[in-house]
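The shown structure was predicted, so the numbers you read here are calculated from the model rather than taken from an experiment.
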Amino acid sequence: MEITKRSSLLIFFLVFVSSLIHAKAYQNLYCGRGTRCYGKHITCPAECPDSETNNPKTKVCQIDCNKPICKAVCRSRKPNCNAPGSGCYDPRFIGGDGRVFYFHGKTNEHFTLVSDSNLQMNARFIGHRPEGRSRDYTWIQALGILFNSKTFSLEATKTPQWNDELDHFKFTYNGNQVALAEGSLSTWYTEERDIKVERVASKNSVMVTLKDVAEILVNVVPITKEDDRIHNYQVPSDDCFAHLEVQFRFFALSQKVDGVLGRTYRLDFENPAKPGVAMPVVGGEDKYRTNSLLSPHCGSCVFSQGSSTEKETTPQQVMEYGTLDCTKFSYGLGIVCRK
């Protein structure tokens, strides 16, 4: 009898722990007091009925009670290069304001994409300059993240020829290499579970989650022969320039955020990229150049190494946000607002 009781308690405990682990998964949510959608009960649609899935190709449900649409949306777990928060190609970004802009940087140099009091994201650029061309073609080869007094990096490893059967990611945490098993849904956490890396395909696609702060969807891709033909990159035979396609989703940026991409999330930001221009290029190399992938410093960086993840939001900031019309687009990936 004693053994049976112990077994029952153990089973109950395991079920309880399991429920805690999956507590954030949902099929519907009630929006509580203090949210923009207060009082509404929002249900995930049939095409994406769950917020989590065991199928990496399936879209997941996203409900954000602070977005004015007050509806669930279906979201892919791979980067969308045509949506806000993305950085792809010869780096083409789409800012939090929804505008497309190009930031070229320089080969083998590092630039800060996002700098906030509790978060720093840098990028290493690789590139190639054909003879007779005045600037480099560049791509994002690696991301370096400073968060919660920790460092994390992910990079595309150099390869002469692309092979879909090989994984081209390298991860490090606090200076040590991270082993992430190949296979869909293979997952790695920090001990505090504040950084999570999950494969959304067996190779070359991951989702990185910084708890309560950001989510990053990342692919490793090569410059293909077709890319080379269309853009006349003239890539050498010993390097296919494996690089990253990224899309960021932020949950807690302050109004002091800066960086090549981060500044576009400020409500007072005036984007110098002109609408209607085929390739609107913005500068800022000197402001955002940093010494290394994991450096907290740049000319306009606001990151504080020991800062807490909690933000201080003044009533004025809340009121200003509350008077904005953000209904035009974005579903949480960016904002286009009118006062």
Side-chain angles (χ1 to χ4, degrees), residues 56-57 59 76-95 100-111 113 122-144 153-171 180-184 186 197-208 216-248 260-261 273 277-282 285 293:
K57 295 182 179 180
K59 290 187 176 183
S76 172
R77 297 199 296 170
K78 288 191 176 184
N80 178 353
C81 291
N82 294 309
S86 61
C88 305
Y89 317 129
D90 179 11
R92 188 196 78 168
F93 294 92
I94 302 182
V100 174
F101 67 93
Y102 289 78
F103 178 86
H104 294 310
K106 282 191 174 182
T107 299
N108 298 326
E109 291 193 6
H110 303 86
F111 297 90
L113 300 186
N122 300 331
R124 179 190 298 132
F125 285 43
I126 55 171
H128 168 63
R129 183 183 298 191
E131 187 176 350
R133 185 172 172 79
S134 61
R135 71 160 186 89
D136 299 338
Y137 288 115
T138 53
W139 301 275
I140 297 173
Q141 182 266 336
L143 292 178
S153 70
L154 64 162
E155 61 182 272
T157 56
K158 184 176 180 178
T159 180
Q161 302 295 327
W162 182 260
N163 185 343
D164 284 327
E165 298 303 313
L166 298 177
D167 186 58
H168 298 277
F169 268 123
K170 178 184 176 182
F171 308 96
L180 181 63
E182 292 184 14
S184 299
S186 174
V197 185
E198 179 186 3
R199 290 195 187 273
V200 294
S202 61
K203 302 172 182 69
N204 300 314
S205 291
V206 299
M207 179 167 63
V208 179
I216 315 166
L217 309 178
V218 191
N219 288 338
V220 179
V221 295
I223 298 300
T224 65
K225 291 182 178 179
E226 183 65 8
D227 295 332
D228 195 17
R229 183 189 67 79
I230 293 173
H231 300 285
N232 194 29
Y233 290 137
Q234 301 177 44
V235 297
S237 59
D238 62 347
D239 194 348
C240 68
F241 291 98
H243 61 281
L244 305 180
E245 293 178 338
V246 299
Q247 186 182 12
F248 301 93
V260 174
L261 179 65
V277 176
M279 288 188 65
V281 178
V282 301
E285 281 86 351
L293 189 62

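- Here the shortest heavy-atom pairing between Arg199 and Phe171 reads NH2-CE1, 4.4 Å.
- Between the side chain of Asp136 and the backbone N or O of Thr138 there is no donor-acceptor pair closer than 3.5 Å.
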* Evaluate the criterion side chain to side chain contact (heavy atoms under 4.5 Å, CB included) for residue pair Val220 and Lys170; output intermediate values, then yes/no. => CA-CA 10 Å; Val220 179; Lys170 178 184 176 182; over 6 Å; no

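- Between Lys78 and the choices Leu217, Val206, Asn219, the side chain to side chain contact (heavy atoms under 4.5 Å, CB included) rule is met once, by Asn219.
- Of all non-hydrogen atoms in Gly95 and Pro84, the two that sit nearest each other are O-CB, 3.6 Å.
- Gln141 places a side-chain N or O within donor-acceptor distance of the main-chain N or O of Ala156, the cut-off being under 3.5 Å.
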* Would you check, one step at a time, whether the test ring pair (Phe, Tyr, Trp, His ring centres under 6.0 Å) holds for Phe103 with Phe101? => CA-CA 7 Å; Phe103 178 86; Phe101 67 93; 7.9 Å; no

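- No option in Tyr233, Phe125, Phe241 other than Tyr233 meets the ring-ring contact (aromatic ring centres under 6.0 Å, His included) test with Tyr137.
- Residues Thr107 and Arg129 are not in side-chain contact: their nearest non-hydrogen atoms beyond the backbone lie 4.5 Å or more apart.
- Looking only at side-chain heavy atoms (C-beta outward), His168 and Leu244 stay at 4.5 Å or farther from each other.
- Distance check, rounded to the nearest 0.5 Å: NE2 of His231 to CD of Glu226 gives 9.0 Å.
- Judged by distance alone, the side chain of Asp227 and the main-chain N or O of Thr224 form a donor-acceptor pair under 3.5 Å.
- Atom NZ of Lys203 has more than 12 heavy atoms from other residues, nucleotides or ligands within 6.0 Å.
- Cys88 pairs by the disulfide bond (SG atoms under 2.5 Å apart) definition with Cys81, not counting sequence neighbours.
- For the pair His104 (side chain) and Glu285 (backbone), a donor-acceptor distance under 3.5 Å is absent.
- Rounding to the nearest 0.5 angstrom, the gap separating the CG atom in Asp239 from the NE2 atom in His128 is 9.5 Å.
- Taking both residues in full, the closest heavy atoms of Ser153 and Leu293 are given as CB-CD2, 3.9 Å, listed atom of the first, atom of the second, then distance.
- To the nearest 0.5 Å, atoms CZ (Phe169) and CG (Leu180) are separated by 9.0 Å.
- Separation of atoms NZ (Lys225) and CD1 (Ile230) is listed at 14.5 Å; rounding is to 0.5 Å.
- Closest non-hydrogen pair, Leu143 versus Ala123, comes out as CD2-CB, 4.2 Å.
- Note that the CG atom of Asn122 and the NE2 atom of His110 stand 8.0 Å from one another [nearest 0.5 Å].
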* Can you list the steps and then say if Arg135 with Arg133 is a side chain to side chain contact (heavy atoms under 4.5 Å, CB included)? -> CA-CA 6 Å; Arg135 71 160 186 89; Arg133 185 172 172 79; 3.1 Å; yes

* To do: Just do the side chain to side chain contact (heavy atoms under 4.5 Å, CB included) check on Ile223 and His243 with the steps written out, would you?
  => CA-CA 8 Å; Ile223 298 300; His243 61 281; 3.5 Å; yes

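- Counting all heavy atoms, side chain and backbone alike, Ala242 lies closest to Thr157 at CB-O, 3.7 Å.
- Side-chain N or O atoms of Asn204 include none that pairs as donor or acceptor with a backbone N or O of Asp167 at under 3.5 Å.
- Here the CG-SG distance, from Asp228 to Cys240, works out to 11.0 Å after rounding to the nearest 0.5 Å.
- Proximity of a side-chain donor or acceptor of Ser86 to a complementary backbone N or O of Ala83 within less than 3.5 Å is detected.
- The side chain to side chain contact (heavy atoms under 4.5 Å, CB included) with Glu245 is formed by just one residue from the set Val218, Asn80, Ile140, Val221; it is Val221.
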